[in-house]
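Beneath this line is the structure, given in structure tokens, with notes to follow.
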Number of protein chains: 2
Amino acid sequence: MITIKDIARVAGVSHTTVSRALNGNPLIKKETRDRIERIAAELNYIPNYSAKSLVMKKSYTIGLFFSSIDQGTSASFLVDAIKGIHQVLDENYSLTVHGIDSIRHYDAITPRRFDGVLVMSQSEADNAFIYHLKQTGIPFVVLNRQLDDPGILNVVANDREGVREALDYGIGLGHRKIAIIEGRAGFKSTTERKQGFMDSLIAHRLPLIPDYFTAGDYGVESGYNAMMSLLSLSDPPTLVFCSNDDMAIGALNACYARGITLPGQLSLIGFDDILFSQYTYPPLTTIRKPIADISKFGTTKLIERLEQPDSAPEQLFVQTELIVRQSVAAVKNEGQL
Amino acid sequence: MITIKDIARVAGVSHTTVSRALNGNPLIKKETRDRIERIAAELNYIPNYSAKSLVMKKSYTIGLFFSSIDQGTSASFLVDAIKGIHQVLDENYSLTVHGIDSIRHYDAITPRRFDGVLVMSQSEADNAFIYHLKQTGIPFVVLNRQLDDPGILNVVANDREGVREALDYGIGLGHRKIAIIEGRAGFKSTTERKQGFMDSLIAHRLPLIPDYFTAGDYGVESGYNAMMSLLSLSDPPTLVFCSNDDMAIGALNACYARGITLPGQLSLIGFDDILFSQYTYPPLTTIRKPIADISKFGTTKLIERLEQPDSAPEQLFVQTELIVRQSVAAVKNEGQL
DNA sequence: ACTTAAACTGAAACCGTTAACAAATATTTC
DNA sequence: GAAATATTTGTTAACGGTTTCAGTTTAAGT
């Protein structure tokens with residue numbers, strides 16, 4: 001393996017000069033630099049990052065921590081996230097991936113090991129970890145889950161707005177009897193999405209009917225159960241908004257089980273736009289949560305932070321997008337014309 | 001940040017002794033070692049991996065490279081893989097994740113940067129990368145995709161056997177008219193699965209009907225199209241084996257479109273057991289490809305390899321598992337009694 | 001008690017890089 | 001053309017560990 005000293009020898013200069021030349025230090029005369037760069041390229045020189053790290057006290061690695069490796073709900077999550085991150089992470093950083101739940105010693109999470117950290121958070125259980133991060137002083141961003149702490153850089157989707165827009169769309173199609181299957185109690189996203197739901201109904205002067213608010217926990221099962229109870233109502237809704245796609249799939253199965261056809265008899269809207277929402281039958285109309293964009297944006301911000309450590313942390317929203325597929329139909333000859 | 005020299009100072013020994021004590025070197029007297037370990041713990045000592053790396057010429061990182069970040073078909077893949085890997089990767093290795101297609105310079109993949117590499121391969125396009133790896137001398141394993149090169153450590157599922165078993169099951173339920181939707185031409189997995197399919201039919205002395213062999217490419221669309229053509233046959237099959245779940249989902253949608261109900265009129269078997277196969281309607285009977293196990297096993301083998309570099313490379317198979325759900329029914333009063 | 005071997009500890013060099021400081025060379029300035 | 005200044009390069013010491021080799025104890029043998 002060839003080192004800067006090897007280069008120095010063939011270039012007839014000191015290794016310091018080589019180091020400077022290769023790092024774009026302006027002290028070096030242009031022609032010297034060019035010569036050294038040429039030689040380095042010829043010799044196929046690759047810097048030793050361990051040595052660099054040691055002296056620079058930088059690790060050249062970014063850690064990606066996501067809630068749980070063992071709780072499989074959110075598969076496309078990770079891929080999308082990694083995709084987004086790699087788009088902006090420059091090549092001499094490497095990205096390590098960890099499950100928050102599988103960290104044995106928080107002590108091993110030190111500034112020396114991570115230049116920065118991305119937390120792809122899905123649950124409140126991550127708070128302890130986030131708190132620890134804060135202690136260490138490692139620059140970090142929390143992605144995906146909205147935090148209340150203004151001291152933390154936080155990139156999330158604009159759930160509330162997105163849901164409102166989707167419901168506006170449904171109402172525009174004539175729906176008046178509209179239900180919601182809520183997410184897990186206590187999650188920020190649950191209340192945000194519910195708010196968006198209510199925003200739209202209220203804006204359209206539609207009544208908020210308690211029977212149409214059903215509990216869920218973001219799991220497929222809970223969607224199934226909630227939909228079952230909705231279908232048992234004496235006056236069932238014509239449109240159901242599910243706070244995520246997993247529950248929408250559960251709800252869909254409840255409809256199959258009850259022999260309800262979609263979107264003929266009932267319309268359904270999901271949230272997230274997971275990979276499979278396009279392959280359900282009928283394909284699910286949903287609100288896309290742009291995980292890749294969130295990750296990309298978050299990474300950009302994190303890098304900015306690394307370079308300028310005392311920039312103020314902000315909370316940033318990225319736009320959701322309504323994906324119209326086929327699970328919502330116009331309600332037939334029933335609108336209040 | 002505290003170093004071995006700090007520990008040495010408070011312990012009243014040389015930093016050399018500390019280094020040895022902390023690394024389990026048998027030269028150190030037990031009581032000295034105990035004392036040093038206690039002090040290290042008290043001081044919250046964490047070794048500096050950059051320094052260690054530098055002198056040991058080890059990176060303490062394992063790279064996970066997977067085929068394509070941008071081709072979203074196989075999302076649960078990555079999660080399962082990471083899950084499996086973390087189960088066995090000991091804590092002082094860190095795992096970095098990369099898309100093969102986003103590597104700009106192969107030169108950056110050097111033995112100094114990776115102690116070992118896991119290649120989660122899904123396509124032949126990875127061969128160039130695998131070839132490069134071989135050049136570098138970095139110990140590596142190729143997971144998931146069967147290779148012909150006997151010089152490479154390779155962990156894959158036993159596709160052929162698994163498919164045979166699944167078809168045995170279908171035939172046991174009375175099916176005689178059985179079709180296959182094949183995977184992408186040229187892929188090893190395609191031929192393996194097809195072989196398993198034929199193995200079973202032949203073992204049961206069933207004819208191999210050319211019309212029942214349809215082409216696919218592992219994409220959802222291709223499953224849809226293949227199923228459409230199968231349904232147009234004058235004598236359509238009663239059981240269709242799809243070479244992966246994605247195509248099974250496409251096939252399922254074709255059935256919906258044609259008004260065919262499953263499993264009443266037609267039975268379907270998939271392959272992979274992707275996350276969503278349990279949420280289709282009806283839930284898909286499929287063959288589970290144990291990605292987590294493959295990864296786990298592969299990682300174990302890789303680590304073995306790191307510790308004993310000249311162990312012979314092998315090709316290892318891990319067992320698939322038939323997941324019986326509800327897309328296959330017994331064929332009604334039609335068996336050749 | 002005295003040598004000799006065994007057990008343990010320490011001094012110093014090294015891994016490949018950057019950086020503070022010193023030195024050399026080139027360029028102005030008068 | 002010498003002094004002053006600017007530009008470019010080199011010397012040397014870190015960074016935090018491991019390892020070789022030498023040195024010091026301690027235990028064993030006679």
Side-chain angles (χ1 to χ4, degrees), chain A residues 1-40 43-61 92-94 107-108 110-115, chain B residues 1-37 39-40 43-61 92-94 107-108 110-115 307:
Chain A
M1 272 294 109
I2 100 122
T3 75
I4 52 171
K5 291 188 183 169
D6 297 323
I7 300 177
R9 202 169 320 113
V10 347
V13 296
S14 78
H15 71 280
T16 308
T17 301
V18 175
S19 172
R20 286 200 265 249
L22 261 25
N23 288 303
N25 185 313
L27 289 184
I28 303 298
K29 208 196 311 183
K30 176 154 187 345
E31 56 189 87
T32 317
R33 172 197 317 290
D34 289 347
R35 193 160 49 89
I36 289 175
E37 276 173 349
R38 220 190 44 247
I39 295 174
L43 261 41
N44 250 305
Y45 168 73
I46 294 152
N48 181 325
Y49 276 84
S50 304
K52 252 183 138 117
S53 290
L54 181 57
V55 57
M56 306 279 286
K57 294 166 187 328
K58 275 194 63 174
S59 62
Y60 295 97
T61 92
N92 43 19
Y93 280 103
S94 59
D107 304 343
T110 71
R112 262 207 313 237
R113 256 190 107 136
F114 299 101
D115 288 346
Chain B
M1 271 297 107
I2 98 124
T3 75
I4 51 170
K5 292 187 184 169
D6 298 322
I7 299 178
R9 202 171 319 112
V10 348
V13 297
S14 76
H15 71 281
T16 308
T17 300
V18 175
S19 171
R20 286 201 265 249
L22 263 24
N23 288 303
N25 184 313
L27 288 183
I28 302 298
K29 208 197 310 183
K30 179 156 186 342
E31 56 190 87
T32 318
R33 172 198 317 289
D34 288 348
R35 193 160 50 90
I36 290 175
E37 276 174 349
I39 295 174
L43 260 43
N44 250 305
Y45 169 72
I46 294 152
N48 182 324
Y49 276 83
S50 304
K52 250 181 138 121
S53 290
L54 182 56
V55 57
M56 306 278 287
K57 296 169 186 327
K58 274 193 63 173
S59 63
Y60 294 97
T61 92
N92 43 19
Y93 280 102
S94 60
D107 304 343
T110 71
R112 263 208 312 239
R113 255 188 109 138
F114 298 101
D115 288 345
E307 281 158 8

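Protein chains get the first letters and strands the later ones, always in sequence-line order, with residue 1 at the start of each.
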*Would a distance-only check, ignoring hydrogens and angles, find a side-chain to backbone donor-acceptor pair under 3.5 Å from B:T61 to B:R113?*
yes
*asked:* Would you compute the distance between atom CD1 of B:I28 and atom CG of B:N23 and round it to the nearest 0.5 angstrom?
replied: 10.5 Å
Using a 3.5 Å cut-off and no angle test, enumerate the donor-acceptor pairs between side-chain atoms of residues 15-22 of chain B and protein atoms at least two apart in sequence or in another chain.
from	atom 1	to	atom 2	distance (Å)
B:T17	OG1	B:S14	OG	3.2

_Looking at B:D34 and B:K30, is any side-chain nitrogen of the basic one under 4.0 Å from a carboxylate oxygen of the acidic one?_
yes
*When you check every protein heavy atom under 4.0 Å of nucleotides 10-24 of chain C, what one-letter string (B, S, -) results, 5' to 3'?*
BBB--BBBBBB----
*Qualifying residues under ring pair (Phe, Tyr, Trp, His ring centres under 6.0 Å), relative to B:F114, sequence neighbours excluded*: B:F65, B:H98
*Does A:R112 reach the main-chain N or O of A:S53 with its side chain, forming a donor-acceptor pair under 3.5 Å?*
no
_Set of salt bridge (Lys or Arg N to Asp or Glu O under 4.0 Å) partners for B:R35, sequence neighbours left out_ = none
*Is there a residue in residues 28-39 of chain A whose heavy atoms reach under 4.0 Å of DNA chain D, and which residues are they?*
A:I28, A:K29, A:T32
*Tell me, do A:I4 and A:Y45 make a side-chain contact under 4.5 Å, heavy atoms counted?*
yes
*Does the pair A:Y49 and A:K58 meet the rule for a side chain to side chain donor-acceptor pair (under 3.5 Å), with working shown?*
CA-CA 10 Å; A:Y49 276 84; A:K58 275 194 63 174; over 6 Å; no
*So do the side chains of A:T3 and A:D6 get within less than 4.5 Å of each other, counting heavy atoms only?*
yes
_Of all nucleotides in DNA chain D that come within under 4.0 Å of a heavy atom of chain B, which is furthest toward the 5' end and which toward the 3' end?_
D:dG16 to D:dT20
